[in-house]
S.K.: 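To start, I am sharing the structure in question, which I have written as structure tokens.
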Amino acid sequence: MPELPEVEVVRAGLEAHVAHRTISKVEVLHPRAIRRHVLGAEDFTGRLAGVRIDAARRRGKYLWLELDSAEAVLAHLGMSGQMLVQPEGAPDEKHLRVRVRFDDEGPELRFVDQRTFGGLALDELAEVDGARLPSAIAHIARDPMDPAFDLGAAVRALRSRRTEVKRALLDQTLVSGVGNIYADEALWRAKLHWARPTDKLVAARAEAVLAAAAEVMAEALVAGGTSFDALYVNVNGESGYFDRSLDAYGQEGLPCRRCGSAIRREPFMNRSSYSCPRCQPRPRTSSR
DNA sequence: CCTGACACCTGAGCGC
DNA sequence: TGCGCTCAGGTGTCAG
């Protein structure tokens, strides 16, 4: 499930259903799911047995389970990863990759991932810029829901890049949590075309698009996230409903809510970008 | 250093 | 039906 609101929905579910429980046994059903755990599946399962989960945390699209062993299980959902809380004995999902059982014999935790772009790894926690993070994600910037998020610093970082504004929004080292959907929504709200060069954005415009990203992701979280199909669900398998509130993403041909022009779709980085041709005019100097 | 292209996967939906 | 193509909420790696 991908972007920040959807990942936060999952994190909250993990906090509610697996925090304060002790792991009894872990099974890795597909090696790719733990490819980031360099020491391999045996090391992964061996070190998790008997460990208690203290908390579920998140930065951007990454989440991790803090363990009483002072380590963490770092997780990324990739394009299609799910964390499901299921009764023991429920039939295995087709793409079940990792199963975590607990010593209370309550519901088990399942990492399910069709495309296997996501994965789990055991990692050390490290102090990074005042935060305690799995060391593998030390390079990931704070997200807009982080209490210590610094909007001014994000504005400066974005404007220091020489690239297109949407590429910058998707760069998780500048600001984290934003993906293709919320980038398009933020650009629509800020009335910016995705190809606008970052180094020519005045600070107020850069701030506007970053604030819009924060705002739209907060609204999406209230709605339980964005979900077009069964791939994007919370730990109980339920979909969010923010898709009904999208103004740009996936709206090709539909009237812009502000001006009525038909929303257009343009190729962008091997996928698509949706925007309003009138509210978000293409930059004059852009090649596209 | 920084930027952009590409690889990594599976499955759904479409036109022929 | 079936084939081949395109598309999909992401990111690590590598060449220039």
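Note that the structure is predicted; figures quoted are calculated from it, not measured. Numbers restart at 1 for each chain; the letters A, B, ... are given by sequence-line order, proteins then strands. Hydrogens, waters and symmetry mates play no part in the numbers below; they use all other heavy atoms, side chains included.
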S.K.: How is A:Ser227 classified with respect to the nucleic acid when contacts are heavy atoms under 4.0 Å: base, sugar-phosphate, or nothing?
M.R.: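 Base contact - A:Ser227 has a heavy atom under 4.0 Å of at least one base atom.
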S.K.: Does the side-chain hydrogen bond (donor to acceptor under 3.5 Å, both in side chains) test come out yes or no for A:Glu93 and A:Gln86, once each step is laid out?
M.R.: CA-CA 10 Å; A:Glu93 290 75 8; A:Gln86 292 276 45; 2.7 Å; yes
S.K.: Distance check needed: C:dC7 C1' versus A:Leu231 CG, whole Å only.
M.R.: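 So the two atoms are 13 Å apart, to the nearest Å.
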S.K.: Give every residue pair that meets the side-chain hydrogen bond (donor to acceptor under 3.5 Å, both in side chains) criterion with at least one member in residues 253-263 of chain A, sequence neighbours excluded.
M.R.: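 Residue pairs passing side-chain hydrogen bond (donor to acceptor under 3.5 Å, both in side chains), neighbours aside: A:Asp247-A:Arg257, A:Ser261-A:Arg278.
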S.K.: Within the structure shown, what part of the strands sits under 4.0 Å from A:His139 by heavy-atom distance: base, sugar-phosphate, or nothing?
M.R.: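 If one applies the 4.0 Å heavy-atom cut-off, A:His139 turns out to touch the sugar-phosphate alone, with no base involved.
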S.K.: Classify the side chain of A:Arg115 versus the base of C:dG9 as yes if they form a donor-acceptor pair under 3.5 Å and no if they do not.
M.R.: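 Under the 3.5 Å cut-off, the side chain and the base do not form any donor-acceptor pair.
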S.K.: With sequence neighbours excluded, tell me which residues meet salt bridge (Lys or Arg N to Asp or Glu O under 4.0 Å) with A:Arg161.
M.R.: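 A:Arg161 satisfies salt bridge (Lys or Arg N to Asp or Glu O under 4.0 Å) with A:Asp171 only.
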S.K.: Any side-chain heavy atom of A:Lys166 within less than 4.5 Å of one from A:Leu187?
M.R.: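 The answer is yes; the side chains approach within 4.5 Å.
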S.K.: Does A:Phe117 stack onto the base of C:dG10, taking stacking as ring centres under 5.5 Å apart and planes under 30° apart?
M.R.: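 Base of C:dG10: stacked against A:Phe117.
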S.K.: Which whole-number value in Å describes the distance from A:Glu3 CD to C:dG10 C1'?
M.R.: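 Result: 9 Å.
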S.K.: On DNA chain C, compare the nucleotides closest to A:Ile140 and A:Gln114; which residue's is nearer the 5' end?
M.R.: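 Result: A:Gln114.
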S.K.: Using the P atoms only, state how far B:dG11 lies from C:dT11, rounded to an integer number of Å.
M.R.: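 Per the computed distance, 22 Å lies between those P atoms.
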S.K.: Please report the distance, rounded to the nearest Å, between CG in A:Leu170 and P in C:dG9.
M.R.: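 Atom CG in A:Leu170 sits about 10 Å away from atom P in C:dG9.
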S.K.: Taking the basic N atoms (NZ, or NE/NH1/NH2) and the acidic carboxylate oxygens, is any pair closer than 4.0 Å for A:Arg264 and A:Glu252?
M.R.: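 No salt bridge links A:Arg264 with A:Glu252.
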S.K.: Enumerate the residues from residues 91-99 of chain A whose closest heavy atom to DNA chain B is under 4.0 Å, giving them by residue number; use none for an empty result.
M.R.: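 Within this stretch, A:Lys94, A:His95 sit under 4.0 Å of the strand.
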S.K.: Enumerate, in order of first residue number, the stems that involve DNA chain C, defined as 3 or more consecutive Watson-Crick or G-U wobble pairs with both distances under 3.5 Å.
M.R.: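 Stem list for DNA chain C: B:2-8 with C:10-16, B:10-16 with C:2-8.
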S.K.: Residues two or more places apart in sequence or in another chain: which of them pass side chain to side chain contact (heavy atoms under 4.5 Å, CB included) with A:Glu207?
M.R.: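 Side chain to side chain contact (heavy atoms under 4.5 Å, CB included) list for A:Glu207, sorted by chain: A:Leu151, A:Val155.
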S.K.: Quick check on contacts: within residues 171-181 of chain A, what sits under 4.0 Å from DNA chain C by heavy-atom distance?
M.R.: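 Under 4.0 Å from DNA chain C: A:Gln172, A:Gly179, A:Asn180, A:Ile181.
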S.K.: Testing the basics here: between A:Gly118 and A:Phe111, what is the closest heavy-atom pair and its distance to 0.1 Å?
M.R.: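 Shortest heavy-atom separation between A:Gly118 and A:Phe111 comes out as C-CZ, 3.9 Å.
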S.K.: Do you know the tightest heavy-atom contact between A:Ser176 and A:Leu4?
M.R.: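 Minimum heavy-atom separation between A:Ser176 and A:Leu4: O-CD1, 4.3 Å.
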S.K.: Side-chain donor-acceptor contacts of residues 71-78 of chain A below 3.5 Å, not counting sequence neighbours, with atom names and distances?
M.R.:
{"from": "A:Glu71", "atom 1": "OE2", "to": "A:Arg47", "atom 2": "NH2", "distance (Å)": "2.5"}
{"from": "A:His76", "atom 1": "ND1", "to": "A:Gly78", "atom 2": "N", "distance (Å)": "2.8"}

S.K.: Quick one: label A:Arg36 by what it contacts on the DNA or RNA (base, sugar-phosphate, nothing), any heavy atom closer than 4.0 Å.
M.R.: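 Touches sugar-phosphate only.
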S.K.: Mind checking the OH-OG spacing from A:Tyr232 to A:Ser80? Nearest 0.5 Å is all I need.
M.R.: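 Separation between the atoms: 6.5 Å.
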S.K.: Could you classify C:dG9 for me, syn or anti, using a glycosidic angle within 90° of 0 as syn?
M.R.: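 Judged by the O4'-C1' to base torsion, C:dG9 sits in syn, the angle falling within 90° of 0.
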S.K.: In whole angstrom, give the distance that lies between atom CG of A:Leu187 and atom P of C:dG9.
M.R.: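 Rounded to the whole Å, the gap is 14 Å.
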S.K.: With a 4.0 Å cut-off on heavy atoms, is A:Phe228 in touch with a base, just the backbone sugar-phosphate, or nothing at all?
M.R.: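 Since a base atom lies under 4.0 Å of A:Phe228, the category is base.
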S.K.: Ignoring hydrogens and angles, tell me if any N or O in the side chain of A:Arg159 forms a donor-acceptor pair with the backbone of A:Leu201 under 3.5 Å.
M.R.: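 Answer holds: yes.
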S.K.: When you measure from the side chain of A:Arg11 to the backbone N and O of A:Trp64, does any donor-acceptor pair fall under 3.5 Å?
M.R.: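 No, because the side chain of A:Arg11 does not come within donor-acceptor range (under 3.5 Å) of the backbone of A:Trp64.
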S.K.: If I take atom CG in residue A:Asn270 and atom P in nucleotide C:dG10, what distance separates them, rounded to the nearest angstrom?
M.R.: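 About 13 Å, once rounded to whole Å.
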S.K.: Return the polar atom pairs (N/O with N/O) between nucleotides 14-16 of chain C and the protein under 3.5 Å, or none.
M.R.:
none

S.K.: Given C:dG9, is OP1 or OP2 found less than 4.0 Å from the side-chain N or O atoms of A:Lys61?
M.R.: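 No, because none of the side-chain N or O atoms of A:Lys61 sits under 4.0 Å from OP1 or OP2 of C:dG9.
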S.K.: Is the backbone N or O of A:Gly40 less than 3.5 Å from a side-chain atom of A:Glu42, with the two atoms forming a donor-acceptor pair by type?
M.R.: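 The answer is no, because no donor-acceptor pair under 3.5 Å joins these two groups.
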S.K.: For A:Ala131, what residues pass the side chain to side chain contact (heavy atoms under 4.5 Å, CB included) criterion, not counting sequence neighbours?
M.R.: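 With neighbours one apart ignored, the set is A:Arg59, A:Leu133, A:Arg142.
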S.K.: According to side chain to side chain contact (heavy atoms under 4.5 Å, CB included), who are the partners of A:Ala154, at least two apart in sequence or on a separate chain?
M.R.: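 Counting only residues at least two positions away or on another chain, A:Ala154 forms a side chain to side chain contact (heavy atoms under 4.5 Å, CB included) with A:Phe149, A:Leu210.
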S.K.: Only counting residues at least two apart or in another chain, list the ones meeting ring-ring contact (aromatic ring centres under 6.0 Å, His included) with A:His37.
M.R.: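 With sequence neighbours excluded, A:His37 shows a ring-ring contact (aromatic ring centres under 6.0 Å, His included) to A:Phe44, given in chain and number order.
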S.K.: Heavy atoms of chain A, cut-off under 4.0 Å: which first and last nucleotide of DNA chain B, 5' to 3', fall inside that, if you could look?
M.R.: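 Answer, 5' to 3': B:dT3 to B:dG11.
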S.K.: Using modelled atom types and a 3.5 Å cut-off, is there a donor and acceptor pairing between side-chain atoms of A:Glu108 and backbone atoms of A:Val100?
M.R.: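 The answer is no, because no donor-acceptor pair under 3.5 Å joins these two groups.
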S.K.: Is the phosphate of C:dG12, meaning OP1 or OP2, less than 4.0 Å from a side-chain N or O of A:Tyr62?
M.R.: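 The answer is yes; a side-chain N or O of A:Tyr62 sits under 4.0 Å from OP1 or OP2.
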S.K.: Taking the P atom in each of B:dC6 and C:dT6, what is the distance between them to the nearest angstrom?
M.R.: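 That atom pair is separated by 15 Å.
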